Amino acid sequence: MAERFFARVYDVVRQIPEGRVATYGQVASMVGEPRKARFVGFAMHSSPGAKGGVPCHRVVFKDGSLCAGYVFGGPDAQRALLEEEGVTFLADGRVDMGLCQWEA
DNA sequence: CATTTGACTCTAT
DNA sequence: AATAGAGCCAAAT
């Protein structure tokens, strides 16, 4: 299981409740490796997708912005999906971190 | 087996 | 305050 780190990331992301988001760095910190924030997102790319139990759209940047250009359909789809779950968005098109950032 | 790359984050200018 | 650059560490080639 060379990819145990990825599996661990998936497990954490899977625990993110609806209407709540987490940053890559936070998820990385949860798995015990805050330096591998980049791989958290990289793991998302290799993830089975929201259907596989990994709502990668709930994982955002530390600023609350999304990874536009690499998501399934685009930032608009991700924004709409998060908004559908009850996530509050700022006028800048970013997630309201102070209100919807996931707390373990 | 060595090199490259990458959904990030922080620090410095 | 905003922009630019470097650092991190594992997976893919």
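Computed from a predicted structure; not experimentally measured.
With Glu33(A) contributing its side chain and Phe39(A) its backbone, the two residues share no donor-acceptor pair below 3.5 Å. With hydrogens and angles ignored, the 3.5 Å screen pairs a side-chain donor or acceptor of Gln78(A) with a backbone N or O of His57(A).
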Summarise how protein sits on nucleotides 8-13 of chain B as a single string, 5' to 3': B when a protein heavy atom is under 4.0 Å from the base, S for sugar-phosphate-only contact, - for no contact. BSS---
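dC9(C) atom C1' lies 15 Å from atom CZ of Arg8(A), rounded to whole Å. Protein atom CZ of Arg79(A) is 19 Å distant from nucleotide atom C1' of dA7(B), rounded to whole Å. Remark: P of dA7(B) and NZ of Lys36(A) are 17 Å apart, rounded to the nearest angstrom. Phe5(A) has its CZ atom 12 Å from the C1' atom of dG6(B), to the nearest Å. Rounded to whole angstrom, the span from the CE atom of Met44(A) across to the P atom of dG6(B) amounts to 18 Å.
Inter-residue side-chain proximity for Val54(A) and Pro48(A) is flagged as met; some heavy-atom pair is nearer than 4.5 Å. With contacts defined as side-chain heavy-atom distances shorter than 4.5 Å, the pair Val60(A)/Met97(A) qualifies.
Heavy atoms from other residues, nucleotides or ligands lying under 6.0 Å from CZ of Arg35(A) number 12 at most.
Contacts between residues 91-104 of chain A and DNA chain C, counted as heavy-atom distances below 4.0 Å, involve no residue at all.
Under the rule for a ring-ring contact (aromatic ring centres under 6.0 Å, His included), Phe42(A) has no partner lying at least two apart in sequence or in another chain.
Across every non-hydrogen atom of Val87(A) and Val95(A), the tightest pair is CG1-CG1, 3.3 Å. When all heavy atoms of Val40(A) and Tyr24(A) are compared, the pair lying nearest together is CG2-O, 3.6 Å.
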